[in-house]
Amino acid sequence: MPNLSLPAITATGQNTLGFILSNEVWTNYGRRCTIGGCNDNKVSASLDKQPNGTFELSVTADYTILSKTIDQSFGIFTVNITTPGTYQLDHKLGRSINFIASRYNQSYKEYGNKFSNTCSLTISKLDTINRIIAGTFSGVLYNPTNLGDSIKITDGRFDAQLIYRK
């Protein structure tokens, strides 16, 4: 396994994302190969205005080591967060964190913020002119098929170039 380090907390569009999961660093890493070809696992962030006037925000990243059949995904998905601030991520309000521990069919495992007030997101910078979004996050995520199975994310941070569609 690679020796990864947590990216610094920045707000300049560095395209970084990382957190501590089970006392180990998780960050975007590797290359994902699909029918469309192979691409580096980059951080992706977008803020999209919907026809009803609401905004949908997503920040995602992946971690892949093909030789060890490791293929993981992380994402923050929210609605109506359009200014810096601290937000509780409540899936009932359309605000969630998801972690897919394995994408492979034989061992697919997903975690999400099933309960209210278990995850928080702080947006420190949301600049639609220069297209930069940055922030921190933490929380406890649960396996929806076994609520006794949970993971804790700490020291989460991201700094990404923002795709802004109004």
Side-chain angles (χ1 to χ4, degrees), residues 4-22 25-30 32 34 36 39-64 71-101 103 109-144 147 150-166:
L4 301 173
S5 57
L6 208 52
I9 294 176
T10 56
T12 56
Q14 297 294 308
N15 282 329
T16 58
L17 185 147
F19 53 87
I20 303 295
L21 174 67
S22 302
V25 171
W26 191 99
T27 189
N28 57 297
Y29 178 81
R32 172 167 285 141
T34 64
N39 295 298
D40 289 339
N41 284 334
K42 295 182 179 176
V43 176
S44 174
S46 65
L47 181 65
D48 299 298
K49 188 171 186 178
Q50 302 304 302
N52 65 2
T54 63
F55 282 89
E56 290 184 0
L57 171 66
S58 70
V59 180
T60 62
D62 300 301
Y63 175 93
T64 307
D71 192 16
Q72 301 176 337
S73 295
F74 173 82
I76 298 171
F77 307 95
T78 70
V79 294
N80 292 331
I81 292 179
T82 56
T83 60
T86 299
Y87 302 90
Q88 291 302 311
L89 298 181
D90 185 337
H91 75 283
K92 293 176 186 170
L93 300 175
R95 297 176 177 171
S96 64
I97 293 181
N98 293 325
F99 179 73
I100 298 175
R103 291 183 159 281
K109 198 172 201 182
E110 183 173 354
Y111 295 88
N113 58 317
K114 177 71 176 163
F115 302 107
S116 300
N117 301 318
T118 60
C119 297
S120 68
L121 168 67
T122 298
I123 301 292
S124 56
K125 183 172 191 171
L126 179 55
D127 181 342
T128 57
I129 307 277
N130 296 304
R131 298 182 183 247
I132 296 171
I133 187 165
T136 59
F137 57 90
S138 64
V140 178
L141 306 180
Y142 295 87
N143 180 335
L147 296 180
S150 65
I151 60 173
K152 185 175 183 180
I153 291 175
T154 59
D155 297 319
R157 71 271 318 262
F158 63 91
D159 174 16
Q161 295 174 7
L162 179 66
I163 298 167
Y164 176 53
R165 295 180 277 257
K166 51 183 172 172

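Taking the ring centroids of Phe74 and Phe158, they lie at or beyond the 6.0 Å cut-off.
Counted by atom type alone, Thr122 and Thr86 present one or more donor-acceptor pairs between their side chains at under 3.5 Å.
For Ser46, the side chain to side chain donor-acceptor pair (under 3.5 Å) partners at least two apart in sequence or on another chain are Asp48, Ser58.
Nearest approach of Cys119 to Val140, heavy atoms of both residues: SG-O, 3.6 Å. Residue Ile133 comes nearest to Ala45 through the heavy atom pair CG2-CB, 3.8 Å, listed as atom of the first residue, atom of the second, then distance. Here the closest heavy-atom approach between residue Gly13 and residue Asp159 is recorded as N-OD1, 2.7 Å. Among all heavy-atom pairs drawn from Val25 and Ile20, the shortest one is CG2-CD1, 3.8 Å. Closest of all the heavy-atom pairs between Gly156 and Phe19 is CA-CB, 3.6 Å. Here the closest heavy-atom approach between residue Leu17 and residue Thr27 is recorded as O-OG1, 2.5 Å.
The shortest distance between side-chain heavy atoms of Thr128 and Leu47 falls below 4.5 Å. Residues Leu162 and Asp127 fail the side-chain proximity criterion, which asks for heavy atoms closer than 4.5 Å. Residues Tyr63 and Leu4 are in side-chain contact: their nearest non-hydrogen atoms beyond the backbone lie under 4.5 Å apart.
Summarising the geometry, atom OH belonging to Tyr111 is positioned 15.0 Å from atom CD1 belonging to Ile97; distances are rounded to the nearest 0.5 Å. To the nearest 0.5 Å, atom NZ of residue Lys92 and atom NZ of residue Lys114 are 8.0 Å apart. Atoms CG and CD1, from Leu57 and Ile76 in turn, are 8.0 Å apart once rounded to the nearest 0.5 Å. Residue Ser44 holds its OG atom at 5.0 Å from CD1 of Ile163, rounded to the nearest 0.5 Å. Separating the CZ atom in Phe99 from the CD atom in Glu110 is a distance of 10.5 Å, to the nearest 0.5 Å. Distance check: Leu6 CG to Arg157 CZ gives 4.0 Å after rounding to the nearest 0.5 Å.
Results of the side chain to side chain donor-acceptor pair (under 3.5 Å) test with Asn41 over Thr64, Thr60, Asn28 single out Thr64 as the only residue that passes.
In this structure, the side chain of Asp40 does not engage the main chain of Lys42 through any donor-acceptor pair within 3.5 Å. A donor-acceptor contact shorter than 3.5 Å links the side chain of Asn15 to the backbone of Gln161. Between the side chain of His91 and the backbone N or O of Asn113, at least one donor-acceptor pair lies under 3.5 Å.
Ring geometry for Phe55 against Tyr164 counts as parallel: the plane angle stays under 30°, on a 0 to 90° scale with 60° as the upper cut.
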